[in-house]
Structures are given as structure tokens and as C-alpha cells.
**Q** 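This is the structure I want to talk about, given as C-alpha cells.
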Amino acid sequence: FKESNGLTDSYAAISQVDRLQSEPESIRKWREEQKERLEQLDANSRKQEAEWKEKAIKELEEWYARQDEKLQKTKASNRVADEAFYKQPFADVIGYVAAEEAFVNDAEEIFPGTEWERVAQLCDFNPKSSKQAKDVSRMRSVLISLKQAPLVR
């Protein structure tokens with residue numbers, strides 16, 4: 001037997017029976033009603049918790065569905081924007097990616113004398129938009145002169 005406060009469980013059980021027998025009928029009745037009421041409250045709270053969990057699962061699934069829908073719309077709009085971006089002939093303001101794409105696409109159509117024009121498509125010749133720390137004005141002027149008057153072999 002385990003001991004609790006110096007008394008064994010059998011003694012505790014006997015004292016509880018004595019206390020229940022010595023209780024007035026109204027207190028015993030109140031205790032039983034209280035026990036039933038607490039059990040009912042526990043059952044209601046478990047039921048409400050289960051309902052909340054189901055509601056939370058539904059809301060979470062709806063949220064995931066909305067997020068997936070937003071993601072699909074964003075992907076579609078990004079694809080359209082990318083296609084429009086890559087179709088631009090000269091993307092100097094945005095970047096040189098579209099020009100590079102055009103350069104790669106035109107690589108099959110190589111004609112003699114157009115090499116420097118294709119190189120010039122990849123270069124930014126606007127001196128004000130250059131954000132480099134180095135002075136590239138000489139290189140820019142060389143490329144412009146080569147574009148205007150290509151080397152003859």
C-alpha cells in the first residue's frame with residue numbers, strides 16, 4: 001500500500017466512507033448534482049473543442065485553396081509578363097536580358113558584317129545610365145566605331 005500523509009489507502013477509504021455517511025442528505029445530493037453538472041460541462045467542452053477543430057480544419061483547407069489559387073494566378077501573370085519582357089527588342093531600361101535572348105535567337109541568322117550590330121545590341125551606350133565606377137567611354141567609342149564601320153578582312 002502507498003502511504004499518503006501517514007495513512008494507507010485503506011484508511012483513507014474508510015475515512016471517506018465515514019465522512020459520506022456522516023454528511024447530511026442535502027450536501028450529498030448537492031455533491032452528486034455537482035459531479036453530474038461537471039461531467040456534462042466536460043462533455044460539452046469536448047464536443048465544442050471537436051467542433052472547433054473541424055471548423056479550423058475546414059478554414060485551413062479553404063485558406064490553402066485560396067493561396068493555391070492566388071499562386072496560380074501569380075504564376076500565370078508572371079508568365080505573361082516574362083513573355084512580354086522577352087519579346088522586347090531592346091531592353092536597355094529594364095536590362096539586357098531581352099536583348100541577349102534576341103541575340104541568341106538571331107545566332108542562326110549570321111550574315112557577314114552584322115557581327116558588331118549584334119554585339120552592340122548587348123551593350124548599353126547611354127553614358128548617363130551607366131552605374132559602373134570605371135570609365136568605359138573609350139570602350140563605348142570603340143564599339144560604336146566598329147558598329148558604324150566594321151573591320152574588313
Side-chain angles (χ1 to χ4, degrees), residues 1-111 114-137 139-140 143-144 147:
F1 294 105
K2 290 185 179 178
E3 293 188 16
S4 62
N5 293 337
L7 298 174
T8 60
D9 286 336
S10 60
Y11 291 123
I14 291 172
S15 68
Q16 186 178 5
V17 169
D18 288 342
R19 191 186 61 176
L20 289 176
Q21 288 176 351
S22 65
E23 278 185 342
E25 182 68 24
S26 60
I27 293 178
R28 187 184 57 78
K29 192 175 189 182
W30 174 84
R31 189 180 311 272
E32 289 173 0
E33 289 174 0
Q34 188 73 3
K35 184 178 178 182
E36 289 175 10
R37 190 170 67 90
L38 290 175
E39 287 175 358
Q40 186 179 12
L41 287 174
D42 286 343
N44 288 342
S45 67
R46 282 190 293 267
K47 180 181 174 185
Q48 193 174 28
E49 183 180 351
E51 289 174 359
W52 285 346
K53 284 183 180 180
E54 289 176 15
K55 183 179 177 182
I57 289 171
K58 284 182 182 179
E59 288 179 3
L60 194 59
E61 288 174 355
E62 290 172 3
W63 182 83
Y64 279 126
R66 284 193 309 270
Q67 286 298 105
D68 189 42
E69 183 179 333
K70 286 181 185 178
L71 182 65
Q72 296 304 325
K73 286 181 181 178
T74 304
K75 283 182 181 180
S77 66
N78 285 347
R79 282 190 197 106
V80 170
D82 283 348
E83 288 175 8
F85 175 75
Y86 284 115
K87 288 180 182 177
Q88 293 177 2
F90 299 101
D92 293 338
V93 176
I94 300 169
Y96 65 90
V97 177
E100 186 177 10
E101 182 79 16
F103 180 78
V104 171
N105 289 340
D106 292 340
E108 296 144 3
E109 304 171 8
I110 298 175
F111 299 109
T114 61
E115 295 88 1
W116 290 110
E117 289 178 15
R118 291 187 10 240
V119 170
Q121 287 178 351
L122 298 176
C123 298
D124 182 18
F125 290 113
N126 188 356
K128 293 181 181 177
S129 68
S130 178
K131 296 179 183 173
Q132 298 175 348
K134 295 181 180 180
D135 183 25
V136 292
S137 59
M139 183 66 175
R140 187 181 302 118
L143 287 174
I144 290 173
K147 179 182 174 187

**Q** More than 12 heavy atoms of other residues, nucleotides or ligands under 6.0 Å from CD of Glu32: is that the case?
**A**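 More than 12 heavy atoms, drawn from other residues, nucleotides or ligands, come within 6.0 Å of this atom.
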**Q** Give, for atom CD of Glu69 and atom OG1 of Thr74, the distance between the pair rounded to the nearest 0.5 Å.
**A**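 The CD atom of Glu69 sits 10.5 Å away from the OG1 atom of Thr74.
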**Q** Do Glu51 and Lys47 touch side chain to side chain, with heavy atoms closer than 4.5 Å?
**A**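 The answer is yes; the side chains approach within 4.5 Å.
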**Q** So do the side chains of Gln34 and Trp30 get within less than 4.5 Å of each other, counting heavy atoms only?
**A**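 Yes, their side chains come closer than 4.5 Å.
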**Q** Under the criterion salt bridge (charged side-chain N to carboxylate O under 4.0 Å, His left out), I'd like the reasoning laid out for Glu54 against Lys58: C-alpha separation, chi angles, the key distance, then a yes or no.
**A** CA-CA 6 Å; Glu54 289 176 15; Lys58 284 182 182 179; 5.9 Å; no
**Q** Quick check for you: to the nearest 0.5 Å, what is the distance between Lys29 atom NZ and Ile27 atom CD1?
**A**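 The NZ atom of Lys29 sits 13.5 Å away from the CD1 atom of Ile27.
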**Q** Holding to side chain to side chain donor-acceptor pair (under 3.5 Å), I want the full list of residues that pass it with Glu36, two or more places apart in sequence or in another chain.
**A**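 By the side chain to side chain donor-acceptor pair (under 3.5 Å) rule, Glu36 matches no residue at all.
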**Q** For the CH2 atom of Trp63 and the NZ atom of Lys70, what is their distance to the nearest 0.5 Å?
**A**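 One gets 8.5 Å once the value is rounded to the nearest 0.5 Å.
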**Q** Could you list the residues that satisfy side-chain contact (heavy atoms from CB on, under 4.5 Å) with Ile57, not counting sequence neighbours?
**A**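 Applying side-chain contact (heavy atoms from CB on, under 4.5 Å) to Ile57 gives Glu61.
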**Q** Out of curiosity, Asp42 CG to Glu49 CD, how far, rounded to the nearest 0.5 Å?
**A**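 Those atoms lie 11.0 Å apart.
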**Q** Could you grab the distance from atom CD of Glu33 to atom CD of Gln40, nearest 0.5 Å is fine?
**A**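 It comes to 12.0 Å.
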